[in-house]
A.B. asks: 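Got a structure here, written out as structure tokens. Questions coming.
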Amino acid sequence: MKLALLAEYDGTEFSGWQVQPNQRTVQGEIETAVQRLTGQIVTVIGSGRTDAGVHAKAMVAHTEVDLNDSLPLWKVIEALNALTGEDIVIKDVREVSSDFHSRFSAHERTYRYQISRSRIALERNYFWQVPYELDIEAMQHTFAALLGEHDFTSFSKLSDDVDHYRCIITNTEMIESEETITMWLSANRFVRGMVRALVGGIVEVGRGRLGQDEYARLLNDPQELDRARFICPAQGLTFWKVIYPEKFGLWN
């Protein structure tokens, strides 16, 4: 049986999504919970691979497991939540068709990045604190120019599991208030470190330390030597949602 899982997690205490030796990871915690519940060793594949400290509001993952007929899915949800830590919540579990893949079936993913414009304590794990004067108009102009298809080599980390760095940005939105700046970014795919590199560069534009023309050059004339020059902190980033074709009957 192939199952799709909808998970929310606080990434503060995790070394990212992907399993790593001797590290606490989101994938590892969920796989261990499924193994304890079913007695089966499984692989849980996520729709994204968040870095250490990055959060998720609606991460979708899938796994294949044989379930006892007496174990309905609502009991699976309860059991998994009892077996994972408090910083992971399995919101829902659904059976999906054999052709579903949490990563490769996705049409669009959305991330949110939060910036605090002053020093904070209570929500420091969910914001990048940037207590500097910022040129918001320049930031908005630079952010809007990301729409469309680009090669994000200059705004990503080197990755062995992709054969190109072209992505199509389908939506950008920046919401400013006196205290915060929130950036929403949607695309058909994201490559490693891409959102944090894009946002980091935009804040450099806002601080006047990177020109809009230079940012555009990095976007339109990508170079290996320019990779991920401006990576912003992980804690401000949240994997927000993922969209799938309607035929899979998931949480769009």
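Note: hydrogens, waters and symmetry copies are ignored here, and every other heavy atom, side chains too, is used. Numbers here are sequence positions counted from 1.
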A.B. asks: Say whether Trp184 and Asn171, considering side chains only, have a donor N or O and an acceptor N or O under 3.5 Å apart.
C.D. replies: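 On atom types as modelled, these side chains do not qualify, holding no pair under 3.5 Å.
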A.B. asks: Could you check whether any side-chain heavy atom of Leu185 comes within less than 4.5 Å of a side-chain heavy atom of Thr110, counting everything from C-beta outward?
C.D. replies: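 Heavy-atom side-chain distance check fails, nothing below 4.5 Å.
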A.B. asks: Check for me, please, whether Val42 and Leu6 land in the same ILVMFWY cluster - side-chain distances under 4.5 Å, paths through other members count.
C.D. replies: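 Both belong to a single hydrophobic cluster.
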A.B. asks: Could you list the residues that satisfy side chain to side chain donor-acceptor pair (under 3.5 Å) with Glu108, not counting sequence neighbours?
C.D. replies: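 Expected list: Thr170.
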A.B. asks: Would you please say whether a donor-acceptor pair under 3.5 Å links the side chains of Glu179 and Ser116?
C.D. replies: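 The criterion, which ignores hydrogens and geometry beyond distance, is not satisfied for Ser116 and Glu179.
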A.B. asks: Quick check, are the ring centers of Tyr126 and His55 under 6.0 angstrom apart?
C.D. replies: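 Between His55 and Tyr126, which both carry aromatic rings, the centre distance is below 6.0 Å.
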A.B. asks: Determine yes or no for a side-chain-to-main-chain donor-acceptor pair under 3.5 angstrom, with Asp51 supplying the side chain and Gly16 the backbone.
C.D. replies: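 Checked: no pair found.
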A.B. asks: Is a side-chain N or O of His62 found less than 3.5 angstrom from the main chain of Ser102, in a donor-acceptor match?
C.D. replies: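 Yes, His62 side chain to Ser102 backbone: donor-acceptor pair under 3.5 Å.
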A.B. asks: What distance separates Phe230 CZ from Ile202 CD1, expressed to the nearest 0.5 Å?
C.D. replies: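 Those atoms lie 11.5 Å apart.
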A.B. asks: Hydrophobic clustering (ILVMFWY, side-chain heavy atoms < 4.5 Å, transitive) - are Met183 and Val130 grouped together?
C.D. replies: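 Cluster IDs for Val130 and Met183 match.
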A.B. asks: Quick one: salt bridge (Lys or Arg N to Asp or Glu O under 4.0 Å) partners of Arg209, sequence neighbours excluded?
C.D. replies: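 For Arg209 the salt bridge (Lys or Arg N to Asp or Glu O under 4.0 Å) partners, ignoring immediate neighbours, are Glu204.
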A.B. asks: With no hydrogens and no angle check, is any side-chain donor or acceptor of His164 less than 3.5 Å from a backbone partner on Arg166?
C.D. replies: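 A pair under 3.5 Å: yes.
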A.B. asks: Kindly indicate whether the side chain of Trp17, heavy atoms from C-beta on, has any atom under 4.5 Å from the side chain of Val54.
C.D. replies: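 Sidechains of Val54 and Trp17: no contact.
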A.B. asks: Here's a test for you: under side-chain hydrogen bond (donor to acceptor under 3.5 Å, both in side chains), which of Thr84, Asp87, Thr50 qualifies with Tyr9?
C.D. replies: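 Option passing the side-chain hydrogen bond (donor to acceptor under 3.5 Å, both in side chains) with Tyr9: Thr50.
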A.B. asks: As an exercise, state the distance from SG of Cys167 to CG of Asn188, rounded to the nearest 0.5 Å.
C.D. replies: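 Output value for this atom pair is 6.0 Å.
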A.B. asks: Mind checking whether Val93 and Val89 sit in one hydrophobic cluster, side chains of I, L, V, M, F, W, Y counted as touching below 4.5 Å?
C.D. replies: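 No, Val93 and Val89 fall in different hydrophobic clusters.
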A.B. asks: Name all residues meeting the salt bridge (Lys or Arg N to Asp or Glu O under 4.0 Å) criterion together with Asp151; count only those two or more places apart in sequence or in a different chain, and write none if there are none.
C.D. replies: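 Counting only residues at least two positions away or on another chain, Asp151 forms no salt bridge (Lys or Arg N to Asp or Glu O under 4.0 Å).
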A.B. asks: Show every donor-acceptor pair shorter than 3.5 Å between a side-chain atom in residues 131-141 and any protein atom, with sequence neighbours excluded, or say none if there are none.
C.D. replies:
residue, atom, partner, partner atom, Å
Asp135, OD1, Glu137, N, 3.3
Asp135, OD1, Ala138, N, 3.0
His141, ND1, Gln212, OE1, 2.9

A.B. asks: Check ring-ring contact (aromatic ring centres under 6.0 Å, His included) between Tyr113 and all other residues, then give those that pass, not counting sequence neighbours.
C.D. replies: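 For Tyr113 there are no ring-ring contact (aromatic ring centres under 6.0 Å, His included) partners, ignoring immediate neighbours.
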A.B. asks: For Phe190, check ring-ring contact (aromatic ring centres under 6.0 Å, His included) against everything at least two apart and list the hits.
C.D. replies: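 Partners of Phe190 under the ring-ring contact (aromatic ring centres under 6.0 Å, His included) test: Tyr111.
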A.B. asks: What is the distance from atom OG1 of Thr172 to atom CG of Leu147, rounded to the nearest 0.5 Å?
C.D. replies: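 Separation between the atoms: 4.0 Å.
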A.B. asks: The criterion is salt bridge (Lys or Arg N to Asp or Glu O under 4.0 Å); which residues satisfy it with Glu176, sequence neighbours excluded?
C.D. replies: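 In terms of salt bridge (Lys or Arg N to Asp or Glu O under 4.0 Å), with neighbours along the sequence ignored, Glu176 is linked to Arg117.
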A.B. asks: Quick check for you: to the nearest 0.5 Å, what is the distance between Ser154 atom OG and Arg229 atom CZ?
C.D. replies: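 Those atoms lie 8.5 Å apart.
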A.B. asks: Can you list the steps and then say if Lys75 with Glu78 is a salt bridge (charged side-chain N to carboxylate O under 4.0 Å, His left out)?
C.D. replies: CA-CA 5 Å; Lys75 284 190 175 181; Glu78 287 188 350; over 6 Å; no
A.B. asks: Hey, could you give me the NZ/OG1 distance between Lys2 and Thr63, rounded to the nearest 0.5 Å?
C.D. replies: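 Lys2 atom NZ to Thr63 atom OG1 measures 9.5 Å (nearest 0.5 Å).
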A.B. asks: Could you tell me the separation between the NZ atom of Lys157 and the CZ atom of Arg192, rounded to the nearest 0.5 Å?
C.D. replies: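 Taking NZ in Lys157 and CZ in Arg192, the distance rounds to 5.0 Å.
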A.B. asks: I'd like to check the side chain to side chain donor-acceptor pair (under 3.5 Å) partners of Ser47; sequence neighbours left out, ordered by chain and number.
C.D. replies: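 Expected list: none.
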A.B. asks: Excluding sequence neighbours, so at least two apart, what forms salt bridge (Lys or Arg N to Asp or Glu O under 4.0 Å) with Arg49?
C.D. replies: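 If we apply the salt bridge (Lys or Arg N to Asp or Glu O under 4.0 Å) test to Arg49, skipping adjacent residues, the hits are Asp161.
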A.B. asks: Using side chain to side chain donor-acceptor pair (under 3.5 Å) as the criterion, list what pairs up with Gln235, not counting sequence neighbours.
C.D. replies: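 Applying side chain to side chain donor-acceptor pair (under 3.5 Å) to Gln235 gives none.
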A.B. asks: Quick test of your reading: applying side-chain hydrogen bond (donor to acceptor under 3.5 Å, both in side chains), list the pairs with at least one residue in residues 237-247, sequence neighbours left out, ordered by first then second residue.
C.D. replies: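 For residues 237-247: Asp99-Lys247.
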A.B. asks: When you measure from the side chain of Asn220 to the backbone of Ala216, do you find a donor-acceptor pair of N or O atoms at a distance under 3.5 Å?
C.D. replies: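 Flag set: sc Asn220 to bb Ala216 pair under 3.5 Å.
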A.B. asks: Is it true that the side chains of Asn125 and Glu123 contain a donor and an acceptor less than 3.5 Å apart?
C.D. replies: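 Note: Asn125 and Glu123 side chains miss the donor-acceptor criterion.
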A.B. asks: Find out whether the Lys NZ or Arg CZ of Arg227 is both under 6.0 angstrom from the six-membered ring centre of Tyr165 and within 45° of the ring's axis.
C.D. replies: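 Pair Arg227/Tyr165 counts as cation-pi.
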A.B. asks: Under 3.5 Å, which donor-acceptor pairs link side chains of residues 30-37 to any protein atom two or more places apart or in another chain?
C.D. replies:
residue, atom, partner, partner atom, Å
Glu31, OE2, Gln27, NE2, 3.2
Glu31, OE2, Val44, N, 2.8
Thr32, OG1, Gly28, O, 2.9

